Amino acid sequence: MSETKKTTAEELNDVQAIKQAKDFWGRFSKPITYIGGFVILLAGGYLLYKNFVVAPKETKGNEAMSRAQAYFAQDSLDLALNGDGSAAGFLKVIKTYSGTKAANLAHYYAGAIYLRKEDYNNAIKHLEEFSTDATQIQSAAWRMLGDAYMSTDKKEKGAGMYEKAGKLNEKDEYTSSENLFRAAMAYELIGKKEKATELLKTLKEKYPKSTGGGQADKYLARLGVVNID
């Protein structure tokens, strides 16, 4: 008897579940269909946008960059920045191909040019817009930002950028040690002697063969820290 009752109860539960499912679908089938269709349209639209808008824009941006990069390599900074009338400079690449990798890289070049021209505010503006997963290039951008900020009244930000650059890729002994040394000197300059001491100790421990690591004791002594093993 108990088995028969149990089976009947299960059947009733199944019937109720089916009924609830039908009721749910009856009430929400149209919204679900619309949402599903919208998702499909959205995905399809994204693929179309990516293949027929973004990809060609990237290609054209890279083509436009080539002449500007050539001028940069020749040290023709004004032509690299502003173009020559027929070919775009980095500033036009940024404006015309915004959102592309080419425009992102153009910010890096523009920042470097403005730094060399001692136009520090524009250098900061463009270098802050640049970002990359390539650690050597990113650390170079942060180092240039450090140089630019140190030439303004935002020297603490400059010290911070040097430190970020020095800690980004610690396996790169040469650039990391150089950036950390700059950071230590910058922190000492703005009166943050504890921070300068910390970085000099790091240089001595991590990069003893580097220029900064080899001179760490001298600068630590200047800060009043002696007999560091």
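Small disclaimer: the values here were computed from a predicted structure and weren't measured.
- For the pair Glu129 and Asn104, the minimum side-chain heavy-atom distance is 4.5 Å or more.
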Atom pairs and distances, donor-acceptor, side-chain atoms in residues 177-193, under 3.5 Å, two or more places apart:
| unit_1 | atom_1 | unit_2 | atom_2 | d |
| --- | --- | --- | --- | --- |
| Ser177 | OG | Glu173 | O | 2.7 |
| Ser177 | OG | Tyr174 | O | 3.0 |
| Glu178 | OE2 | Arg182 | NE | 3.2 |
| Asn179 | ND2 | Thr175 | O | 3.0 |
| Arg182 | NH1 | Asp147 | OD1 | 2.8 |
| Arg182 | NH1 | Asp147 | OD2 | 3.4 |
| Tyr187 | OH | Glu163 | OE1 | 2.8 |
| Glu188 | OE1 | Arg222 | NH2 | 2.7 |
| Glu188 | OE2 | Arg222 | NE | 3.1 |
| Glu188 | OE2 | Arg222 | NH2 | 3.4 |
| Lys192 | NZ | Glu156 | OE2 | 2.6 |

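- For the residue pair Ile113 and Ala80, the shortest heavy atom distance occurs at CD1-CB, 3.9 Å.
- Hydrophobic clustering, with ILVMFWY side chains joined whenever heavy atoms are under 4.5 angstrom apart, keeps Leu199 apart from Met150.
- Residue Lys155 qualifies as enclosed at atom NZ: its count of foreign heavy atoms under 6.0 Å is above 12.
- Here the side chains of Met161 and Arg143 are not in contact, with every heavy-atom distance at 4.5 Å or above.
- Taking every heavy atom of both residues into account, Ala103 and Ser98 meet most closely at CB-CA, 4.0 Å.
- Using a 4.5 Å heavy-atom cutoff, the side chains of Leu168 and Lys164 are not in contact.
- Taking the charged nitrogens against the carboxylate oxygens, Lys195 and Glu198 do have a contact shorter than 4.0 Å, which makes a salt bridge.
- Scanning both residues, Ala110 and Ile94, for their nearest heavy atoms gives CB-CD1, 4.3 Å.
- Using a 4.5 Å heavy-atom cutoff, the side chains of Asp84 and Tyr71 are in contact.
- No side-chain heavy atom of His126 sits under 4.5 Å from any side-chain heavy atom of Tyr108.
- No donor-acceptor pair closer than 3.5 Å links the side chain of Thr100 to the backbone N or O of Gly61.
- When all heavy atoms of Ser139 and Ala165 are compared, the closest pair comes out as O-CB, 3.5 Å.
- Ring planes of Phe90 and Phe72: perpendicular class, angle over 60° (limits at 30 and 60°).
- For the pair Glu170 and Lys206, the salt-bridge criterion is met [side-chain N within less than 4.0 Å of a carboxylate O].
- Across all non-hydrogen atoms, the minimal contact from Lys204 to Ala216 is CB-CB, 3.9 Å.
- If you check the side chains of Asp172 and Gln136, you find a donor sitting under 3.5 Å from an acceptor.
- Residues Arg116 and Asp75 are paired through a salt bridge, judged by an N-O separation under 4.0 Å between the basic side chain and the carboxylate.
- Residues Leu105 and Gln69 form a side-chain contact, since some pair of their non-hydrogen atoms from C-beta on lies under 4.5 Å apart.
- Counting heavy atoms of neighbouring residues, nucleotides and ligands inside a 6.0 Å radius, atom CD of Gln74 exceeds 12 of them.
- Tyr120 is listed as a side-chain neighbour of Glu118, based on a closest heavy-atom distance under 4.5 Å.
- At least one donor-acceptor pair closer than 3.5 Å links the side chain of Ser210 to the backbone N or O of Tyr207.
- A heavy-atom distance below 4.5 Å is found between the side chains of Lys201 and Thr197.
- Here the side chain of Ser76 pairs no donor or acceptor atom with the backbone of Leu79 at under 3.5 angstrom.
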